[in-house]
Amino acid sequence: MEHFGFWGLIPPLLVIILAFVTKDVIISLFLGIFVGSLFVAGGNPLMAIINLTDAIAGNLADGWNIRILLFCALLGGLVGLMTKTGASRAFGEWAVRKIKKRSTSMLMAWVCGVIIFIDDYFNSLAVGTIMRPITDKNKISRAKLAWILDSTAAPVCILAPISSWVVTVMSIIRDSSGFESLGMTPLSFFIHLMPYNIYAILTLIMIIVVAISGRDYAAMARAEAMAKEGVLYDSSYGDAPMTMEDTDAERRVRPMNMKEASQANKAKTIDMILPLLVLIVVSVVMFPFTTYLGAVSSGDAESLSAAISSMTIGDAFNNTDASMALFYAIIFTMIFTYIYYLARRLFNIKESSTALLDGMKTMAPALVILTLAWTIGGIIKSSPSDGGLGLSVYLSEVFVKGNFPLSMLPVLVFILSALIAFATGTSWGTFAIMIPITLPIAVGLAGQKGLEANGFVNACSICIGAVLGGAVFGDHASPISDTTILSSTGAGCPHLQHVATQLPYAGTVAVISCISLLISGLCSYSLIVGWVVAIILFVLAMIFLPIYWKDKKPLV
């Protein structure tokens, strides 16, 4: 038996339904795993629990997986160390003295959001702390700042290869059925599909266009008009939240004590920028270096120098083990940052340990989701003989034999991913549900059409890019998303005003992305055609929406 047939659909459908109802992705994933294990165990609940725990332990025993978990945990620890120094406050004070224009303030917020790409939570709070005094001074609405924070959180994290988001996606792709037929490493495939993530890229472009042109519409135009009159947020939506200056690592309100204030005064702008630069540089070096080390350890090369001369730098990048490269990079960066901050006397050993642990705690939910994502992905992918449901094989057979049009698959998965992420408020859970289902279907349909190598990879790339874009849009627009809430907090904007002002902008980009994906699919998955359509629609939207989409509510 290759699969359980229709019964294999029940666990992922259960996860989706429970996620909509409970808004709790962790519980939903766990129950989906349990039900899948129950089917495999023939209805025996005791054996199902044993199989479930064995599956989780097996995933944690995998070398790739454990390095990814450690990378994410240490990334949280690095964020904790950086937050403790007060470096973001120093950067903000420097920027206040230098930035005088409204457009420059918004572009600076965009730049900071792009630079701080390692974590979406840290992005929303740190950039908010840096930029809020600047945008307040230049009479930019808190809603506009919140939109920029939110739009440079998930959209940037899903495009930056050195982030917890991307290693999560690579892990799920790597373990999905059909991936081996692509003949690529997870990193190579991710880099290839990045341009197909139209929603995330177009969202970043939109910030620049709006900042320079000032062409606002809907509720955002009203918020900006109020700000120009000195009213930075609309109190009719509720009070503005307490901002990061009044928040500790666990986000409980308290005043800054004298010792912390002294540390904040010591910190300089370089104290925030330098660790990020070290992480980027070391990661870039480690990507090819781990390939060379692998060649030596496997016996393909006698020495490191022989390994370097045996392949091009491009081949070394393409064949790298991303989990090893990022793990080595974060270890080196942590050591450097720890010693650097101690030498700068920004904290002592006891305080640094507390900051490190506090930062790691913030990653705990993400680590649990990632572990459960691997587990349910394994149950979906594996054959019954290996303790799985064989759902990937079943769905591939159904779609291929049913002659489902591959050109429609990107739009379908974009919409479904957006709905799941909007209802649950999380992209990560959506990745875990949708990627293992979408990739084997895309591989099967592309194989049926007899596409040549490039066309085959492009078809799979546009489908997975659509999953990523839809999940990021749902997360971006959802009022219960962590990043939506934290962006409101970081900007000091009433949460409901942030949701009301952001949704028209995010929705505009989502509609453009859907149309672009549809036409690109109909035109043999052409990336150029997709982007030409997207840019034309975007230009038309920015011309006509500010004219015809106005908020009639009077200024307060």
Side-chain angles (χ1 to χ4, degrees), residues 110 113-114 117 151-152 154-163 165-170 172-174 176 179 182-209 284 287 314 317-318 320 322 406-407 409-415 417-418 427 431 434-435 438-439 442-443 446 451-473 475-476 506 508-539:
W110 181 89
V114 171
F117 56 82
S151 299
T152 54
V156 170
C157 289
I158 199 58
L159 294 172
I162 310 169
S163 75
W165 285 56
V166 171
V167 294
T168 298
V169 170
M170 286 194 293
I172 298 172
I173 288 173
R174 169 181 171 267
S176 296
F179 172 70
L182 296 173
M184 305 172 75
T185 64
L187 178 62
S188 299
F189 181 63
F190 177 81
I191 292 173
H192 190 273
L193 68 82
M194 280 174 61
Y196 288 98
N197 194 343
I198 295 173
Y199 177 83
I201 297 172
L202 200 57
T203 295
L204 296 175
I205 293 173
M206 187 177 189
I207 298 173
I208 299 174
V209 172
V284 170
F287 278 129
F317 265 101
N318 289 334
T320 189
L406 178 58
S407 60
L409 187 60
V411 176
L412 176 65
V413 298
F414 181 94
I415 294 172
S417 298
S427 299
F431 299 152
M434 289 300 299
I435 291 176
T438 302
L439 186 57
V443 168
L451 298 176
E452 46 85 24
N454 287 337
F456 184 86
V457 173
N458 289 343
C460 295
S461 296
I462 191 174
C463 292
I464 301 303
V467 171
L468 303 185
V472 170
F473 163 62
D475 186 332
H476 192 192
T508 298
V509 179
V511 171
I512 292 172
S513 299
C514 275
I515 298 172
S516 174
L517 288 168
L518 175 61
I519 296 178
S520 179
L522 293 173
C523 296
S524 302
Y525 327 107
S526 170
L527 179 64
I528 295 175
V529 170
W531 270 107
V532 168
V533 171
I535 294 299
I536 291 173
L537 292 174
F538 179 73
V539 170

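Below, all heavy atoms of this structure are taken into account, side chains as well, without hydrogens, waters or symmetry copies. The first residue in the sequence is number 1, and the count goes up from there.
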Asks: Taking all non-hydrogen atoms of both residues, which atom of Asn454 and which atom of Glu452 are closest, and how far apart?
Replies: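 Nearest heavy atoms, Asn454 then Glu452: N-OE1, 3.0 Å.
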Asks: Looking only at atom types and distance, does a side-chain atom of Thr152 sit under 3.5 Å from a main-chain N or O of Val114, one as donor and one as acceptor?
Replies: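 Not a single qualifying donor-acceptor pair exists.
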Asks: Tell me every residue that passes side chain to side chain contact (heavy atoms under 4.5 Å, CB included) with Ala510, counting only those two or more places apart in sequence or in another chain.
Replies: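 Per chain and number, Ala510 pairs via side chain to side chain contact (heavy atoms under 4.5 Å, CB included) with Tyr199, Phe414, Phe473.
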Asks: Do Ile158 and Phe431 have side-chain heavy atoms sitting under 4.5 Å apart?
Replies: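 Yes - at least one pair of side-chain heavy atoms lies under 4.5 Å apart.
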Asks: If I take atom OG1 from residue Thr168 and atom CD1 from residue Ile172, how far apart are they, to the nearest 0.5 angstrom?
Replies: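 Spacing of OG1 (Thr168) from CD1 (Ile172) equals 6.5 Å.
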Asks: Please identify each residue that fulfils side chain to side chain contact (heavy atoms under 4.5 Å, CB included) with Ser151, with sequence neighbours left out.
Replies: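 Checked Ser151 against side chain to side chain contact (heavy atoms under 4.5 Å, CB included); matches are Trp147, Thr203, Ile207, His476, Gln502.
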Asks: How many angstroms lie between atom OG of Ser513 and atom CG of Leu202, to the nearest 0.5 angstrom?
Replies: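 Output value for this atom pair is 6.0 Å.
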Asks: Could you give the distance from CG (Leu193) to CE (Met184), rounded to the nearest 0.5 Å?
Replies: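 Reported value, rounded in 0.5 Å steps: 8.5 Å.
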Asks: List the residues meeting side chain to side chain contact (heavy atoms under 4.5 Å, CB included) with Leu451, not counting sequence neighbours, and say none if there are none.
Replies: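 Per chain and number, Leu451 pairs via side chain to side chain contact (heavy atoms under 4.5 Å, CB included) with Leu406, Ala446, Lys449, Phe456, Ala459, Tyr525.
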Asks: Grab the two heavy atoms, one from Leu204 and one from Trp110, that are nearest each other, plus how far apart they are.
Replies: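 Between these two residues, the closest heavy atoms are O-NE1, 3.1 Å.
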Asks: By side chain to side chain contact (heavy atoms under 4.5 Å, CB included), which residues pair with Leu527, not counting sequence neighbours?
Replies: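 Leu527 satisfies side chain to side chain contact (heavy atoms under 4.5 Å, CB included) with Pro195, Tyr196, Trp531 once adjacent residues are dropped.
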Asks: Write down the atom of Ser516, the atom of Ala534, and the distance for their closest heavy-atom approach.
Replies: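 Nearest heavy atoms, Ser516 then Ala534: OG-CB, 3.9 Å.
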Asks: Nearest 0.5 Å please: distance from the CG atom of Leu409 over to the CG atom of Leu517.
Replies: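 Taking CG in Leu409 and CG in Leu517, the distance rounds to 10.5 Å.
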Asks: Do Arg174 and Thr185 have side chains that approach each other closer than 4.5 Å (heavy atoms only, starting at C-beta)?
Replies: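 Side-chain contact under 4.5 Å: no.
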Asks: Under the 3.5 angstrom rule, does the side chain of Ser520 hit a backbone N or O of Ser526 as a donor-acceptor pair?
Replies: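 Checking the backbone N and O of Ser526 against the side chain of Ser520, a donor-acceptor pair under 3.5 Å is found.
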Asks: If you look at every heavy atom in Phe190 and Met170, which pair is closest and at what distance?
Replies: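 Taking every non-hydrogen atom into account, CB-CG, 4.1 Å.
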Asks: Would you please name every residue forming a side chain to side chain donor-acceptor pair (under 3.5 Å) with Thr508, sequence neighbours left out?
Replies: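 Side chain to side chain donor-acceptor pair (under 3.5 Å) check on Thr508 returns Tyr217.
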Asks: Once you round to the nearest 0.5 Å, how far does CZ of Phe179 lie from CD1 of Ile464?
Replies: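 The CD1 atom of Ile464 is 10.5 Å from CZ of Phe179, to the nearest 0.5 Å.
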Asks: Does Ser461 reach the main-chain N or O of Val457 with its side chain, forming a donor-acceptor pair under 3.5 Å?
Replies: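 Yes, Ser461 side chain to Val457 backbone: donor-acceptor pair under 3.5 Å.
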Asks: Between Ile415 and Cys514, is there a side-chain heavy-atom distance shorter than 4.5 Å?
Replies: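 Yes, close enough: below the 4.5 Å cut-off.
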Asks: Can you name the closest pair of heavy atoms from Leu468 and Ile435 and give their distance?
Replies: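 Smallest heavy-atom distance, with atoms named: CD2-CD1, 4.2 Å.
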Asks: If you take all heavy atoms of Pro410 and Ile462, which pair is closest and at what distance?
Replies: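 Result for this residue pair: CG-CG2, 3.9 Å.
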